[in-house]
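Notes follow once the structure below has been shown.
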Amino acid sequence: MEFYVDTANIEEIKKASRMKFLDGVTTNPSIIAKEKQEFKSKIREIAEYIDGKIWCQVTGKTAEEMYDQAIEMNTWGRKMVIKLPMTFEGLAAASELVKKDVEVNMTLVYSLAHVVLAAKAGVAYISPYVGRADDHSLDGQRFIRESLTTIQNLKAETKVIGASIRGPQTVVDLANAGVDAITMSYSTFEKMFQSPLTDIGLNQFRSDWDTYLRTMES
Ligand code: E4P
């Protein structure tokens with residue numbers, strides 16, 4: 001399973017990139033806007049810390065605008081994934097980009113009809129938004145499982161990336177569902193490490209070790 005952190009914050013990226021298994025970072029216009037830095041220079045800065053893929057979303061409204069932006073963004077880093085919204089215009093642009101071998105992600109995927117269209121277009125990834133689907137009582141995890149089945153039935157190669165993840169247990173559930181990739185906020189990533197039992201056990205080991213060292217010195 002590919003593993004991404006959903007952030008453009010350099011401090012978070014520096015910390016996350018210490019985990020050498022990280023496959024890259026994903027961003028979206030809201031995440032970029034929070035950073036208050038020119039878009040291209042922000043992506044270039046991220047590329048200094050990330051060996052893996054950098055996901056970057058187009059903001060144009062027409063297929064032509066999105067296509068031109070995607071071609072430009074694709075030059076901003078060594079391994080770019082270009083995100084397009086799952087709309088008629090977005091998929092029209094994506095289908096052209098696929099022909100040019102650009103790695104494309106359809107984002108804001110909320111129905112199996114979206115999944116069929118994106119898989120048919122041959123895009124590399126689709127992002128169902130689990131947390132936001134749950135916010136609307138749409139059962140995001142069930143949607144991910146059904147998306148995986150639909151793609152398998154179509155014999156398509158499109159990968160499913162679980163997005164809009166609200167906590168570590170959802171990461172585990174999606175891993176068990178066989179999702180191809182997952183992206184999560186830095187705070188969810190950090191929470192994956194947390195366990196009071198690990199802390200209690202480690203404190204005990206440290207205290208026993210200090211006692212042992214003192215005993216050996218005396
Ligand atoms: C995916 O690429 C999106 O950026 C992201 O997962 C959205 O998550 P949110 O619903 O927490 O904003």
Side-chain angles (χ1 to χ4, degrees), residues 2-10 12-13 16-17 22-111 113-129 132 147 151 154-164 179-184:
E2 294 171 36
F3 197 101
Y4 297 92
V5 178
D6 205 21
T7 183
N9 180 278
I10 291 301
E12 291 181 351
I13 286 171
S17 68
L22 191 74
D23 290 291
V25 296
T26 57
T27 69
N28 64 34
S30 310
I31 287 171
I32 295 291
K34 265 204 277 184
E35 297 300 313
K36 300 184 174 54
Q37 185 179 334
E38 195 270 323
F39 193 8
K40 182 175 174 180
S41 80
K42 169 50 81 182
I43 299 298
R44 290 258 199 236
E45 189 185 10
I46 294 173
E48 288 171 27
Y49 300 95
I50 292 295
D51 288 334
K53 297 182 180 181
I54 301 175
W55 298 46
C56 203
Q57 188 168 330
V58 297
T59 51
K61 291 201 172 67
T62 65
E64 291 69 27
E65 284 166 1
M66 288 189 241
Y67 176 87
D68 290 346
Q69 253 185 327
I71 292 290
E72 159 70 12
M73 279 176 184
N74 205 35
T75 66
W76 292 357
R78 281 174 297 107
K79 294 181 206 161
M80 299 297 293
V81 176
I82 309 301
K83 298 174 65 174
L84 297 104
M86 187 51 236
T87 59
F88 192 98
E89 293 297 309
L91 199 62
S95 61
E96 286 290 338
L97 292 162
V98 167
K99 283 194 200 154
K100 302 269 177 202
D101 288 328
V102 175
E103 196 155 35
V104 165
N105 163 244
M106 298 317 293
T107 192
L108 297 168
V109 166
Y110 284 106
S111 74
H114 284 167
V115 176
V116 170
L117 289 167
K120 180 65 194 155
V123 302
Y125 297 91
I126 54 166
S127 316
Y129 277 38
R132 294 191 199 185
S147 301
I151 288 169
L154 289 170
K155 297 182 178 49
E157 286 178 10
T158 300
K159 293 181 191 171
V160 177
I161 175 166
S164 186
V179 79
D180 302 293
I182 199 153
T183 185
M184 71 203 74

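- Here L108 contributes atom CG and H114 contributes atom NE2; the two are 9.0 Å apart, rounded to the nearest 0.5 Å.
- Taking E2 as the reference, Y4, Y125, K159 meet the side-chain hydrogen bond (donor to acceptor under 3.5 Å, both in side chains) condition, with sequence neighbours excluded.
- When the salt bridge (charged side-chain N to carboxylate O under 4.0 Å, His left out) test is applied to K42, the partners found at least two apart in sequence or on another chain are E35, E45.
- Side-chain contact between T107 and M86 is absent, with no heavy-atom pair separated by less than 4.5 Å.
- Under the side-chain hydrogen bond (donor to acceptor under 3.5 Å, both in side chains) criterion, T62 pairs with no residue at all, not counting sequence neighbours.
- Within a 6.0 Å radius of CD in E72, more than 12 heavy atoms belonging to other residues, nucleotides or ligands are found.
- Shown here are the side-chain contact (heavy atoms from CB on, under 4.5 Å) partners of S164, two or more places apart in sequence or in another chain: Y129, R132, R166.
- Atom NZ of residue K120 and atom OG1 of residue T158 lie 11.0 Å apart, to the nearest 0.5 angstrom.
- Residues passing the ring-ring contact (aromatic ring centres under 6.0 Å, His included) test with Y67: none are found, sequence neighbours excluded.
- F39 pairs by the ring-ring contact (aromatic ring centres under 6.0 Å, His included) definition with W76, not counting sequence neighbours.
- Here the CD1-CG distance, from I82 to N74, works out to 4.5 Å after rounding to the nearest 0.5 Å.
- In this structure, the side chain of D23 engages the main chain of F3 through a donor-acceptor pair within 3.5 Å.
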